S.K.: 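Just dropping this structure here.
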There are 2 protein chains.
Amino acid sequence: MTTPAVHPTRSGPVTRKDVARYAGVSTAVVSYVVNGGPKKVAPATEAKVQDAIRILGYRPNAAARALKLGSSETLGLVVPDISNPFFALFSHAVEDAAAALGYALVLGNSDGNLAKERRNIRNLAARQVDGVLLASVLFEPDLEVLETAEIPSVLLNQEQDAPGFNSIGVDLAAGARIAVEHLIGHGHTNIGLAMGTNVSGATDGREVGWREALQEAGLPEGPIVYSAFTRPGGYTAGQRLLASVNRPTAIFATSDMQAIGLLRAVHEAGLSVPGQMAVASFDGSAESEYSWPPLTTVEQPVAAMAEAAVAALVGASRGEKPRHRIFPTTLHIRQSCGCP
Amino acid sequence: MTTPAVHPTRSGPVTRKDVARYAGVSTAVVSYVVNGGPKKVAPATEAKVQDAIRILGYRPNAAARALKLGSSETLGLVVPDISNPFFALFSHAVEDAAAALGYALVLGNSDGNLAKERRNIRNLAARQVDGVLLASVLFEPDLEVLETAEIPSVLLNQEQDAPGFNSIGVDLAAGARIAVEHLIGHGHTNIGLAMGTNVSGATDGREVGWREALQEAGLPEGPIVYSAFTRPGGYTAGQRLLASVNRPTAIFATSDMQAIGLLRAVHEAGLSVPGQMAVASFDGSAESEYSWPPLTTVEQPVAAMAEAAVAALVGASRGEKPRHRIFPTTLHIRQSCGCP
DNA sequence: GTGAAAGCGCTAACAC
DNA sequence: GTGTTAGCGCTTTCAC
């Protein structure tokens with residue numbers, strides 16, 4: 001319980017000037033106290049100012065500060081869809097990392113729509129955000145908007161290096177490989193792939209990893225089905241995979257959401273998981289732990305990536321060079337693969 | 001493909017002054033063009049200005065505008081946890097509604113922590129957001145922070161009216177009632193409740209609705225288990241409900257996430273759903289559609305609520321009175337209840 | 001240790 | 001239809 005703030009009788013918000021007058025000091029001193037610098041203030045004066053601030057209920061005006069300083073202490077995050085659990089998790093981690101550094105986070109959804117993505121970026125730039133984190137709807141993002149926006153940025157979910165840009169991603173191929181190798185370890189010889197589709201035509205690292213693991217084990221390629229990185233996408237992928245002429249006994253899905261959809265298709269077909277169909281997936285979202293059966297999944301180090309992304313942005317305003325960072329994944333073993 | 005912007009040779013960002021000089025007009029005219037008012041501009045002049053803007057790559061400085069206007073055209077959203085699918089969905093809807101009105105959305109997670117919730121609100125207030133949407137960690141939110149912040153606000157997930165505040169909620173009791181009535185319609189006479197817990201002690205409307213439906217049907221109350229509104233919470237609730245002396249044949253869970261956790265507990269116990277245990281839940285999140293079996297759930301009109309919340313905030317700055325709005329829910333019938 | 005004042009980029013009232 | 005200008009609240013240099 002703190003003493004309730006007594007509001008000033010005069011109208012309008014309390015400014016630094018009011019505080020100065022009340023405390024009997026200049027506005028500069030109020031600034032020194034509020035910001036802890038750049039000048040020292042006598043303890044007695046400081047106390048007076050603090051009192052005035054509390055009594056008047058003064059809150060600094062961030063817009064004025066942003067105007068003066070040229071920095072809004074705000075970061076922008078543009079994702080295809082915040083209600084995708086992976087991006088929701090990521091957003092949370094980004095918000096944590098940003099808040100720890102005193103930055104607020106402005107959120108924008110692009111809904112898988114390039115025009116909307118661009119609009120979001122431009123909007124953020126106009127709002128003087130100090131940096132933007134972009135999970136593009138494109139596999140190879142449209143760097144021009146970012147360039148003309150002249151704003152520090154980090155490309156998220158980015159496996160390939162984009163020179164001149166900060167980027168962050170996971171080692172998709174390595175992650176897929178450990179998952180598929182694990183499935184192979186369970187004795188499967190026909191392992192299908194439920195591959196999510198990108199807007200671009202480039203081959204996703206997860207497809208590469210799946211293929212590599214199979215090759216190294218001297219196994220033939222199982223059936224591949226391409227569909228969206230979503231629950232419905234996984235559902236139809238599952239249906240098609242189950243209908244394929246050489247039906248696999250195990251499937252690697254490139255996202256947890258696809259795996260969830262796939263699980264539904266498998267259950268509907270009356271097959272048991274992992275008995276008649278083993279499944280492994282990618283992302284490590286919370287949802288994967290409570291599916292039936294719980295999913296064996298390749299976990300992305302979301303918190304670490306978010307921290308690195310925010311750090312890169314904050315570093316960029318200090319003149320640090322853009323760089324490309326790839327994070328390792330870890331296999332989270334649960335029951336869908338056949339482990340007890 | 002648009003003509004690439006030619007950047008000015010001089011350093012620093014382009015201001016309205018640069019545009020004015022380049023176009024050979026005054027800064028006022030640039031403002032009139034950019035804002036489409038308040039004065040009319042001759043078509044020829046307007047064209048010149050537009051050209052200058054494009055050529056110089058001018059972007060208005062939102063901080064300056066916010067300072068001048070006293071409005072940042074930004075809304076704040078504080079939720080317990082954006083990675084909770086329900087809040088993720090809600091956030092998306094809020095962002096859509098805000099963007100449609102030209103507002104950006106600043107996101108804050110309170111992580112179920114009251115101190116953090118308060119810090120978020122104060123932070124948003126300092127940033128001159130035009131309003132905050134608060135999904136409090138408390139059942140009866142701490143209105144003092146909001147009051148002293150002197151900022152328009154809407155309380156989300158708020159069943160009860162908080163005089164002087166905008167609030168929005170769903171009719172929890174009615175929603176629970178239709179779900180439980182549906183379960184009763186399937187012939188169940190022993191229906192348990194997996195009730196999520198609030199920080200406050202007030203009785204949740206969903207508990208009321210469950211009880212009412214049972215009473216009206218002349219049925220005895222089934223077992224109740226209280227636990228968190230989460231997947232793990234639902235999981236332990238499920239385990240306890242299954243272990244109860246008079247094990248129910250159907251359970252109503254107060255959130256989809258609880259139901260997902262509950263489903264896992266039921267599956268682990270080797271019971272079939274809905275055969276040996278029927279389930280219905282609350283929220284209508286995307287996850288509920290792809291559980292096994294798909295959940296019969298009470299859907300909240302998230303988009304409508306988000307729009308209303310944003311409208312209330314924008315209305316508040318125009319002097320509209322705060323009001324309390326309750327939205328109806330709809331039962332989404334899938335298979336977990338026993339329907340084919 | 002403290003204060004006066006310039007100026008960040010923008011809007012809009014007012015003058016022409 | 002266009003231009004001039006005061007001032008939004010803040011930071012910080014420079015003088016005291």
Side-chain angles (χ1 to χ4, degrees), chain A residues 8 10-50 52-53 56-74 125-130 150, chain B residues 8 10-50 52-53 56-74 125-130 150:
Chain A
R10 56 177 286 292
S11 67
V14 183
T15 74
R16 188 208 40 175
K17 214 166 170 177
D18 301 316
V19 176
R21 191 175 318 130
Y22 191 97
V25 298
S26 78
T27 59
V29 172
V30 180
S31 263
Y32 303 151
V33 170
V34 170
N35 304 326
K39 292 285 179 62
K40 278 212 151 343
V41 173
T45 317
E46 158 138 24
K48 270 194 302 185
V49 173
Q50 293 287 20
I53 288 176
L56 298 177
Y58 168 70
R59 283 178 295 106
N61 182 322
R65 193 184 148 89
L67 174 58
K68 182 70 188 170
L69 263 26
S71 155
S72 55
E73 315 225 290
T74 295
R127 286 172 183 276
Q128 314 297 112
V129 300
D130 297 314
E150 287 177 323
Chain B
R10 60 177 281 293
S11 66
V14 183
T15 75
R16 187 211 40 180
K17 214 166 171 176
D18 300 317
V19 175
R21 191 174 319 130
Y22 191 96
V25 299
S26 78
T27 59
V29 172
V30 180
S31 263
Y32 302 151
V33 170
V34 170
N35 304 327
K39 292 283 179 61
K40 277 214 154 341
V41 173
T45 317
E46 159 138 24
K48 271 194 300 185
V49 173
Q50 294 287 21
I53 288 176
L56 298 178
Y58 168 71
R59 282 178 296 107
N61 181 321
R65 192 183 149 91
L67 175 58
K68 181 70 187 174
L69 263 25
S71 155
S72 56
E73 314 224 291
T74 295
R127 286 171 183 278
Q128 315 297 113
V129 301
D130 297 314
E150 286 178 323

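Just so it is clear: chains get the letters A, B, ... in the order the sequence lines come, proteins before strands, and each one is counted from 1. Predicted model only: the values in this text are computed from it and were never measured.
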S.K.: List in chain and number order the residues that pass side-chain hydrogen bond (donor to acceptor under 3.5 Å, both in side chains) with B/Ser26, two or more places apart in sequence or in another chain; answer none if no residue qualifies.
M.R.: none

S.K.: According to the side-chain hydrogen bond (donor to acceptor under 3.5 Å, both in side chains) rule, which pairs have a member within residues 62-71 of chain A, sequence neighbours left out?
M.R.: A/Asn35-A/Arg65, A/Ser71-A/Asp130

S.K.: Any non-hydrogen side-chain atom of A/Val29 less than 4.5 Å from a side-chain atom of A/Thr45?
M.R.: yes

S.K.: Holding to side-chain hydrogen bond (donor to acceptor under 3.5 Å, both in side chains), I want the full list of residues that pass it with A/Arg127, two or more places apart in sequence or in another chain.
M.R.: A/Asn123, B/Thr74

S.K.: With a 4.0 angstrom cut-off to heavy atoms of chain B, pull out the first and last contacting nucleotide of DNA chain C, in 5'-to-3' order.
M.R.: C/dG9 to C/dA15

S.K.: Heavy atoms, side chains only, cut-off 4.5 Å: are A/Val33 and A/Gln50 in contact?
M.R.: yes

S.K.: How far does the helix from C/dG1-D/dC16 to C/dC16-D/dG1 bend, going by the axes of its first and last five pairs, to the nearest 10°?
M.R.: 40°

S.K.: Tell me, for nucleotides 8-15 of chain D in 5' to 3' order, what letter each nucleotide earns: B for a base near a protein heavy atom under 4.0 Å, S for only sugar-phosphate near one, - for neither?
M.R.: BBBBBBB-

S.K.: Under the side-chain hydrogen bond (donor to acceptor under 3.5 Å, both in side chains) test, which residues partner B/Glu73, sequence neighbours left out?
M.R.: none

S.K.: List the residues meeting side-chain hydrogen bond (donor to acceptor under 3.5 Å, both in side chains) with A/Ser72, not counting sequence neighbours, and say none if there are none.
M.R.: none

S.K.: Just so I know, are the side chains of B/Val49 and B/Ile53 near enough to count as touching, which here means a heavy-atom distance under 4.5 Å?
M.R.: yes

S.K.: Go through the structure and list residues passing side chain to side chain contact (heavy atoms under 4.5 Å, CB included) with A/Arg16, not counting sequence neighbours.
M.R.: A/Thr27, A/Val30, A/Ser31, A/Tyr58

S.K.: For a 4.5 angstrom cut-off between non-hydrogen side-chain atoms, does A/Gln128 reach B/Asn61?
M.R.: yes

